[in-house]
Participant: 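So that we are looking at the same thing, I have put the structure below in structure tokens.
All values below come from the heavy atoms of this structure, side chains included, with hydrogens, waters and symmetry mates left out.
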Amino acid sequence: MSAPSRFDRGHTDDLMTFLAASPTPYHAVVNAAERLEKAGFRQVAETDAWDGTAGGKYVLRGGAIVAWYVPEGAEPHTPFRIVGAHTDSPNLRVKPRPDTGAHGWRQVAVEIYGGPLMNSWLDRDLGLAGRLTLRDGSTRLVNVDRPLLRVPQLAIHMDRNVSAEGLKLDKQRHLQPVWGLGDPVRDGDLIAFLEDEAGLTRGEVTGWDLMTHSVEAPAYLGRDEELVAGPRMDNLLSVHAGTAALAAVAASGAGLSYIPVLAAFDHEETGSQSDTGADGPLLGGVLERSVFARGGTYEDRARAFAGTVCLSSDTGHAVHPNYAERHDPTHHPRVNGGPILKVNVNNRYATDGSGRAVFAAACEKADVPFQTFVSNNAMPCGTTIGPITAARHGISTVDIGAAILSMHSARELCGAEDPHLLANALVAFLQP
């Protein structure tokens, strides 16, 4: 692969398009699949028998996607190179009985998903999107991508101490968005509205997985447009980079000594314990079936897994100019400084010295600079799908990502150069 230019605006433009078109995990994996289809990949159903032919394939399950490319001549014991990521982001999600309200206001009952910066959802124009399940068991995606909902903040005149004492939000009482006026409780109104939006007949929807999203478009920011502001960078930035890297590697095709894989999971923000989460059986099942479809045995499976490496790619913390003391004093990752290697000796990240060497080699090959992140010793460290993947599958795993600010906000901030740098590092990793 040729050395990347310092800033590929086309890649970052496409990331912004991807973010805007992916308000939910369900939309994100469909959009990733469309990009892979253009690169020659084809979808395989988990209920069908799989063949061992060469080429690109992918599995969709809910808000998760696993895609892989089998090169010509791959052996059953050929190891994998995996880019791992997650599709979900903290937000407000619709409850089973969504229609509520009070005092002439019609509202939507929501539950808090993950750990959002709750104040970032106040006084923001919100859309509504997700997955509708129909009576026949089929599903339909819906996206109301226009101002529909709003969580109004209490005026300072009625909360005179907010400036001195800080904003205090009750998750049950203070975060229910408004969406109109009138009779506050008319059961079925919201779902009937969404049926109309999706072109369905009334009463056709019997289940739903719906969530709010900011309708403000991603945008370049700053005098020189060195930054990008947008939603769900944690962690659709990595999903987009991994998709682009896998498509690029598949296009080159020849000379692959590993089987490149993209595994983008749902529910990372809530612990990954689901059938579409990293702590579920999805990745292991796909990899095993790929081995067996190529005529492999359990011994081949064990050999393949023993030689496999996974890069768990998730956003990390850039040094904050207003809160530098919250960071480790000798580790200050900067935006546009290249991807970060995440290290934590208590195994909140899966990186060890051997993993560092693998990532360093990929970055050197791609001519991409990289940085290192460790938490301040006095503060708890977050975690990723990395340790889960390593423990569940016995796979060597390294935690990396792009440095951002405002993580878990409704609108996050990254460097305009970093998405392209990350994608190029992933190409070099998948094609060592």
Participant: Could you tell me whether Glu37 and Arg42 have a side-chain N and a carboxylate O separated by less than 4.0 Å?
Facilitator: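 Looking at Arg42 together with Glu37, the answer is no, because their closest N to O distance does not fall below 4.0 Å.
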Participant: What is the distance from atom CD of Gln176 to atom NE2 of His174, rounded to the nearest 0.5 Å?
Facilitator: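 So the CD of Gln176 and the NE2 of His174 are separated by 10.5 Å.
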Participant: Is the backbone of Val249 close enough, under 3.5 Å, to the side chain of Ser252 for a donor and an acceptor to pair up by distance?
Facilitator: yes
Participant: Do Arg135 and Glu204 meet the salt-bridge criterion of a basic N to acidic O distance under 4.0 Å?
Facilitator: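 So Glu204 does not pair with Arg135 through a salt bridge.
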Participant: Any donor and acceptor pair, going by atom type alone, linking the side chain of Gln371 with main-chain N or O of Gly338 inside 3.5 Å?
Facilitator: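 Present.
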Participant: Is there a side chain to side chain contact (heavy atoms under 4.5 Å, CB included) between Leu92 and Val151? Walk through the geometry before answering.
Facilitator: CA-CA 10 Å; Leu92 309 178; Val151 182; 4.1 Å; yes
Participant: I need the single residue from Asn336, Leu227, Thr12 that forms a side chain to side chain contact (heavy atoms under 4.5 Å, CB included) with Glu417. Which is it?
Facilitator: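 Result for side chain to side chain contact (heavy atoms under 4.5 Å, CB included) with Glu417: Asn336.
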Participant: Rounded to the nearest 0.5 Å, how far apart are NE2 of His320 and CG of Leu405?
Facilitator: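 CG of Leu405 is found 5.5 Å from NE2 of His320.
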Participant: Is there a side-chain contact between Leu128 and Glu197 (heavy atoms, below 4.5 Å)?
Facilitator: no
Participant: Decide yes or no for Leu169 and Leu175: does some side-chain heavy atom of the first lie under 4.5 Å from some side-chain heavy atom of the second?
Facilitator: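 They are in contact (side-chain heavy atoms under 4.5 Å apart), so the answer is yes.
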Participant: What's the separation between atom OH in Tyr26 and atom OG1 in Thr139, rounded to the nearest 0.5 Å?
Facilitator: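 Separation between the atoms: 9.5 Å.
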Participant: Is it true that atom CZ of Arg93 has more than 12 heavy atoms of other residues, nucleotides or ligands lying nearer than 6.0 Å?
Facilitator: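 Enclosed: over 12 neighbouring heavy atoms sit under 6.0 Å from CZ of Arg93.
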Participant: Determine, for Arg334 against Asp418, whether the closest basic-nitrogen to carboxylate-oxygen distance falls under 4.0 angstrom.
Facilitator: no
Participant: Considering all heavy atoms of both residues, which atom of Ala109 and which atom of Thr100 are nearest to each other, and what is their separation?
Facilitator: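 That closest heavy-atom pairing would be N-CG2, 3.6 Å.
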Participant: Which heavy atom of Ile340 sits nearest to which heavy atom of Ala403, and what is that distance?
Facilitator: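 Heavy atoms only, the tightest pair is CG2-CB, 4.2 Å.
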Participant: Closer than 4.0 angstrom, basic N to acidic O: yes or no for Glu225 and Arg9?
Facilitator: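 A salt bridge is present here (some side-chain N lies under 4.0 Å from a carboxylate O).
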Participant: Nearest heavy-atom pair of Glu268 and Asp314: which atoms, and what distance?
Facilitator: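 Smallest heavy-atom distance, with atoms named: OE2-OD2, 3.9 Å.
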Participant: Does any part of the side chain of Pro177, heavy atoms only, come nearer than 4.5 Å to the side chain of Val110, both counted from C-beta?
Facilitator: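 Val110 reaches Pro177 side chain to side chain.
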Participant: Does atom NZ of Lys171 have more than 12 heavy-atom neighbours from other groups under 6.0 Å away?
Facilitator: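 Not buried by this count: 12 neighbours or fewer within 6.0 Å.
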Participant: Say you draw a straight line from CG of Asp266 to CG of Leu282; how long is it, rounded to the nearest 0.5 Å?
Facilitator: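 Here the interatomic distance stands at 11.0 Å.
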Participant: Would you say Ser238 and Asn235 are linked by a side-chain donor-acceptor pair, where the criterion is simply a distance under 3.5 Å?
Facilitator: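 Yes.
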Participant: I'd like to check the salt bridge (charged side-chain N to carboxylate O under 4.0 Å, His left out) partners of Asp224; sequence neighbours left out, ordered by chain and number.
Facilitator: none
Participant: Measure the CG-NZ distance between Leu36 and Lys57 for me, rounded to the nearest 0.5 Å.
Facilitator: 14.5 Å
Participant: Could you walk me through whether His408 and Asp234 pass the side-chain hydrogen bond (donor to acceptor under 3.5 Å, both in side chains) test, one step at a time?
Facilitator: CA-CA 7 Å; His408 286 199; Asp234 179 14; 3.2 Å; yes
Participant: Could you check His86 against Thr276 for side chain to side chain contact (heavy atoms under 4.5 Å, CB included), going step by step and ending with a plain yes or no?
Facilitator: CA-CA 10 Å; His86 68 88; Thr276 53; over 6 Å; no
Participant: Kindly indicate whether a cation-pi arrangement holds for Arg232 with Phe18, taking the cut-offs as under 6.0 Å to the six-membered ring centre and within 45° of the axis.
Facilitator: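 No - Arg232 does not lie over the ring of Phe18 by the 6.0 Å and 45° rule.
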Participant: Please confirm whether the ring centroid of Phe80 lies under 6.0 Å from the ring centroid of Tyr258.
Facilitator: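 Distance test on ring centres: not under 6.0 Å, no.
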Participant: Test Gln431 against Leu256 for side chain to side chain contact (heavy atoms under 4.5 Å, CB included), laying out the working first.
Facilitator: CA-CA 6 Å; Gln431 192 178 17; Leu256 290 174; 3.6 Å; yes
Participant: Could you point out which residue of Arg146, Arg411, Arg150 forms a salt bridge (charged side-chain N to carboxylate O under 4.0 Å, His left out) with Asp125?
Facilitator: Arg150
Participant: Do the side chain of Asp300 and the main chain of Pro76 share a donor and acceptor less than 3.5 angstrom apart?
Facilitator: no
Participant: Are the side chains of Asn344 and Val374 in touch, meaning some heavy atoms are under 4.5 Å apart?
Facilitator: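 No - every pair of side-chain heavy atoms lies 4.5 Å or more apart.
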Participant: Work out which heavy atom in Cys414 is nearest to a heavy atom in Ile404; give both atom names and the distance.
Facilitator: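 Closest heavy-atom pair between Cys414 and Ile404: CB-CG2, 3.7 Å.
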Participant: Taking the side chain as C-beta and beyond, is there a heavy-atom pair between Val59 and Trp50 under 4.5 Å?
Facilitator: yes
Participant: Got a donor-acceptor contact below 3.5 angstrom from the Thr351 side chain to the Lys342 backbone?
Facilitator: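 Yes.
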Participant: Please determine, by modelled atom types, if Ser290 and Arg294 share a side-chain donor-acceptor pair under 3.5 angstrom.
Facilitator: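 Checked: Ser290/Arg294 side chains pair up, N/O donor to acceptor below 3.5 Å.
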Participant: If only side-chain N and O atoms count, and only distance matters, is there a donor-acceptor pair under 3.5 Å linking Asn31 with His27?
Facilitator: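 Looking only at side-chain atoms, Asn31 and His27 do not form any donor-acceptor pair under 3.5 Å.
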Participant: Test your reading of the model: is there a side-chain donor-acceptor pair from Asp209 to the backbone of Gly130, 3.5 Å cut-off?
Facilitator: no
Participant: So, does Arg348 use its side chain to make a donor-acceptor pair with the main chain of Cys381 at under 3.5 Å?
Facilitator: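 Checked: pair present.
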Participant: Taking atom types as modelled, find out whether Glu75 and Thr78 have a side-chain donor-acceptor pair closer than 3.5 angstrom.
Facilitator: no
Participant: Is any side-chain heavy atom of Ile259 closer than 4.5 Å to one of Tyr69?
Facilitator: no
Participant: So how far is it from Leu132 CG to Leu134 CG, rounded to the nearest 0.5 Å?
Facilitator: 7.0 Å
Participant: Less than 4.5 Å apart, side chain to side chain, heavy atoms only: is that true for Tyr349 and Val343?
Facilitator: no
Participant: Please tell me whether His11 and Asp8 have a donor and an acceptor in their side chains that are separated by less than 3.5 angstrom.
Facilitator: no
Participant: What closest approach, in Å, do Ala28 and Ser22 show between heavy atoms, and which atom pair accounts for it?
Facilitator: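 Answer, listing the atom of Ala28 first, then Ser22: CA-OG, 3.5 Å.
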Participant: Donor-acceptor check, side chain of Ser120 to backbone of Ala410, threshold 3.5 angstrom: yes or no?
Facilitator: yes
Participant: When you compare the side chains of Ser312 and Asp399, does any donor N or O come within less than 3.5 Å of an acceptor on the partner?
Facilitator: yes
Participant: Measure across Ala264 and Thr87 and return the closest heavy-atom pair with its distance rounded to 0.1 Å.
Facilitator: CB-CG2, 3.8 Å
Participant: Can you tell me if Arg81 uses its side chain to pair, donor with acceptor, with the backbone of Val261 under 3.5 Å?
Facilitator: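 Absent.
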Participant: Decide yes or no for Arg392 and Asp279: does some side-chain heavy atom of the first lie under 4.5 Å from some side-chain heavy atom of the second?
Facilitator: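 Of all side-chain heavy-atom pairs linking Asp279 with Arg392, at least one is under 4.5 Å.
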Participant: I'd like to know whether CZ of Arg356 has more than 12 heavy-atom contacts from other residues, nucleotides or ligands below 6.0 angstrom.
Facilitator: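 12 or below, so no.
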Participant: Could you check whether any side-chain N or O of Asp328 sits under 3.5 Å from a backbone N or O of Asn376, counting only pairs where one atom can act as donor and the other as acceptor?
Facilitator: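 No, Asp328 side chain to Asn376 backbone: no donor-acceptor pair under 3.5 Å.
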Participant: Donor-acceptor pair, Arg131 side chain versus Val142 backbone, under 3.5 Å?
Facilitator: no
Participant: May I have the step-by-step check of side chain to side chain contact (heavy atoms under 4.5 Å, CB included) for Leu148 and Phe193, ending in yes or no?
Facilitator: CA-CA 11 Å; Leu148 179 70; Phe193 165 77; 3.8 Å; yes
Participant: Quick one: ring-ring contact (aromatic ring centres under 6.0 Å, His included) pairs with a partner in residues 265-317, sequence neighbours left out?
Facilitator: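 Listed by first then second residue: His317-Phe373.
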